[in-house]
There are 2 protein chains.
Amino acid sequence: MAEITIREIAKRCGVGVSTVSRAINNHSDINPETKQRIMDVIKETGYIPNNSARNLKRTDAKCIGVLVKGITNPFFTPIIEKIEQETEKKGYALVLRHVEAYENEVNVALELEKEKRLRGIIFLGGSSKHDADKLRQLNVPVIFATIGSDISDNLGRNAYSTVSVDDAVESRKMVEYLIGLGHRKIAILTEGNDQPSIVSLRYEGYCDALNKHGIKLDEKLVKYVDRRIYAMQNGYETTKALIESGAKFTALFCVSDVLAVGALRALADAGIRVPEDVSVAGFDGQEIAQFCVPRLTTIRQPLADISEETMRLIFDLIEEKRGHKHLIFPGELVEGESTRKI
Amino acid sequence: MAEITIREIAKRCGVGVSTVSRAINNHSDINPETKQRIMDVIKETGYIPNNSARNLKRTDAKCIGVLVKGITNPFFTPIIEKIEQETEKKGYALVLRHVEAYENEVNVALELEKEKRLRGIIFLGGSSKHDADKLRQLNVPVIFATIGSDISDNLGRNAYSTVSVDDAVESRKMVEYLIGLGHRKIAILTEGNDQPSIVSLRYEGYCDALNKHGIKLDEKLVKYVDRRIYAMQNGYETTKALIESGAKFTALFCVSDVLAVGALRALADAGIRVPEDVSVAGFDGQEIAQFCVPRLTTIRQPLADISEETMRLIFDLIEEKRGHKHLIFPGELVEGESTRKI
DNA sequence: TTGTAAGCGTTATCAT
DNA sequence: ATGATAACGCTTACAA
């Protein structure tokens, strides 16, 4: 069965292909009756325009691309929803693209920009460190949302924007909060910091806080999760290992809420009460934090602000109203039921 | 800055465009030295082939498409991972496409099939009821995974495949389990069943079970969640309303684990102990079910089997080894700590 | 092994 | 308001 094309529709309607194109694309310079006739035939035949051909020819596609590393992470859900809303409001189309863990998001963006004629690109998730030159190969504005970056790097500073919390600062905030509650033996569940990442910044904040308060970093209280398994499971097993190691701790700081959920379960299984025996804190402020038992003390990222400013910024950049910016929003320490004064 | 094209590369290398194309696509009929020279220039210039142009011309793209409604639903994560693995193993490329809630997934598929020259399509999430004629417009094999359907419909039966659990049967299994534990006043948290969906099948199973055991359906125990808000919040609020309605119940069956998590929290807030005062059951067997406190009794969907068979089937269909099938796998009732005998 | 040229299915330009 | 026709950037016969 031969694919039906615009030519075929034109033939059946007894009009030229450009007229059909006009009908499809809602151009004004077309007789409404002709248009109706064409639309009828299109519906009848089930004709669907080929997007590859359209993208190839089209120059003015108002399209913004969102590349998400870890798209199944519910953390991104509210951000994506906001992006969708604002994009539509501006009359732009959205291309949401999932980036595999092993893929380099900038490479994917490079491809997608050409394929879809993107006008702007938003990165969610993934690395916080990118080659500025490569970034500049993207001929359209680029924003990293919820991914802070090393903006002391003057080369990179003007190659892209960032809208995020300061992960190191927020992390320190949480650890200082725990210290303020009287904790000195504070364990941490973090990821391997072989790559520069948000998580390594959170680990940094932990170290800073301890340091500032004259608490010596105890290697035995630093546990790295194995990235390869799902996060809750990860948090569970690593916490179990921590407990079984016999190391003494009165608080456990997890670099994400999801890890913390696993930790809560592991502690419960070991008969360790939260917060009576051990305080537990998370990071992110995901939905689960306020629904788990006990509710989790966490750093809530201001996702509404972040998404809003991201959208404002991307359109300003597209319209060349201003240059690249690095916006930092404060996180909010939400006290749950998982921490207590000792 | 003019986009760099294959012509430009050819010119710079002093070769024809087809030679460059050969280099890019790893064709064998090319001098390794020429190829190397070309690849060097490509790297140097940062040239990236335009995918729209490639897809337009290409006829043999070995590509399978996965359309996911609700891609941020972690339920799909393990399935998608399996699909990725198997697709790669077969030397196929994967096009993962997010379908908006308001979009019709079949329409999106129709577009994508042409754009990307798909050879097969897998649907995850979304409606279980589709127009068979429209489905047949897709010229490639179609499978609905984890979405059972009304296969008594003879027209549709041969237009697509399904690989799933029988949601009505599994749901009945769970409710009968609760009945077996001595519960008679069993409330349910479900979605509005205005649309034919998986959830409506689960509700059906609930009714069947009650009916079979001579328990009259009590409208006051049937609570519909408001779809528009996030699921846990949804489960929380609806359960709260149920509690405040004053209706008496000893068990609460939630049509998804995520709803159940919200329910657990609402019960805890009301000072109702689980499972001592009320038993709670979920559905799906998501990761959270085994990490929440108390662990959730749920129906675990055999996602490994489902994904495996889906992949086997799609390739068989592509290679025309066999026709459409409707595979049903049994779910597993996992006893957690959230239910008890009364 | 390599180059030339003809499409792929659209949209944009330019006549009419 | 409409129709030819030339791109868009690539792959793939077909020639050389």
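Chain naming here is simple, since letters A, B, ... match the order of the sequence lines and numbering starts at 1 in each.
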> Quick one: do the A:Asn31 and A:Arg22 side chains pair a donor with an acceptor below 3.5 Å?
Replying inline: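 Checked: A:Asn31/A:Arg22 side chains show no N/O donor-acceptor pair below 3.5 Å.
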> Are A:Lys134 and A:Glu105 within salt-bridge range, i.e. N to O under 4.0 Å?
Replying inline: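 Salt bridge: no.
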> Would B:Glu86 and B:Lys82 pass as an ion pair if we require N to O under 4.0 Å?
Replying inline: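 Yes, charged N to carboxylate O under 4.0 Å.
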Scan [X] against the nucleic acid and name what it touches under 4.0 Å (heavy atoms): base, sugar-phosphate only, or nothing.
{"X": "B:Thr5", "result": "sugar-phosphate"}
{"X": "A:Ser52", "result": "nothing"}
{"X": "B:Ser21", "result": "base"}
{"X": "B:Asp29", "result": "base"}
{"X": "A:Asn25", "result": "sugar-phosphate"}
{"X": "B:Val15", "result": "sugar-phosphate"}

> D:dA1, C:dC8, C:dT11: which one has an atom nearest the side-chain heavy atoms of A:Val17?
Replying inline: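 Between D:dA1, C:dC8, C:dT11, the one nearest the side chain of A:Val17 would be C:dT11.
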> From the list D:dT12, C:dT2, C:dT13, which nucleotide is the closest neighbour of the side chain of B:Arg22?
Replying inline: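 Out of D:dT12, C:dT2, C:dT13, the nucleotide with an atom closest to B:Arg22's side chain is C:dT2.
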Return the value, rounded to whole Å, for the distance between atom [atom1] of [X] and atom [atom2] of [N].
{"X": "A:Lys35", "N": "D:dT2", "atom1": "NZ", "atom2": "C1'", "value": "15 Å"}
{"X": "A:Ile24", "N": "C:dG9", "atom1": "CD1", "atom2": "P", "value": "14 Å"}
{"X": "A:Arg54", "N": "D:dG9", "atom1": "CZ", "atom2": "P", "value": "18 Å"}
{"X": "A:Asn50", "N": "C:dG9", "atom1": "CG", "atom2": "C1'", "value": "6 Å"}
{"X": "A:Gln36", "N": "D:dT2", "atom1": "CD", "atom2": "P", "value": "13 Å"}
{"X": "B:Leu56", "N": "C:dT11", "atom1": "CG", "atom2": "C1'", "value": "12 Å"}
{"X": "A:Ile6", "N": "D:dT2", "atom1": "CD1", "atom2": "C1'", "value": "14 Å"}
{"X": "B:Asn51", "N": "D:dT11", "atom1": "CG", "atom2": "P", "value": "9 Å"}

> D:dA7 base to A:Lys57 side chain: any donor-acceptor pair below 3.5 Å?
Replying inline: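 Answer is yes: a donor-acceptor pair is held.
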> Is the A:Phe315 to A:Tyr92 ring centre distance short of 6.0 Å?
Replying inline: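 Yes.
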> When you check the phosphate oxygens OP1 and OP2 of D:dT2, does a side-chain N or O of A:Thr34 lie under 4.0 Å from one of them?
Replying inline: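 Checking D:dT2 against A:Thr34, a side-chain N or O does come within under 4.0 Å of OP1 or OP2.
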> If only side-chain N and O atoms of A:Thr19 are considered, is one of them under 4.0 Å from the OP1 or OP2 phosphate oxygen of D:dG3?
Replying inline: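 True: A:Thr19 side-chain N/O within range (under 4.0 Å) of D:dG3 OP1/OP2.
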> With nearest nucleotides of DNA chain D determined for B:Ile48 and A:Ser18 from heavy-atom distances, which residue corresponds to the more 5′ nucleotide?
Replying inline: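 Counting from the 5' end, the first nearest nucleotide belongs to A:Ser18.
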> Just by distance, do the side chain of B:Thr19 and the backbone of B:Val15 share a donor-acceptor pair under 3.5 Å?
Replying inline: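 Checked: no pair found.
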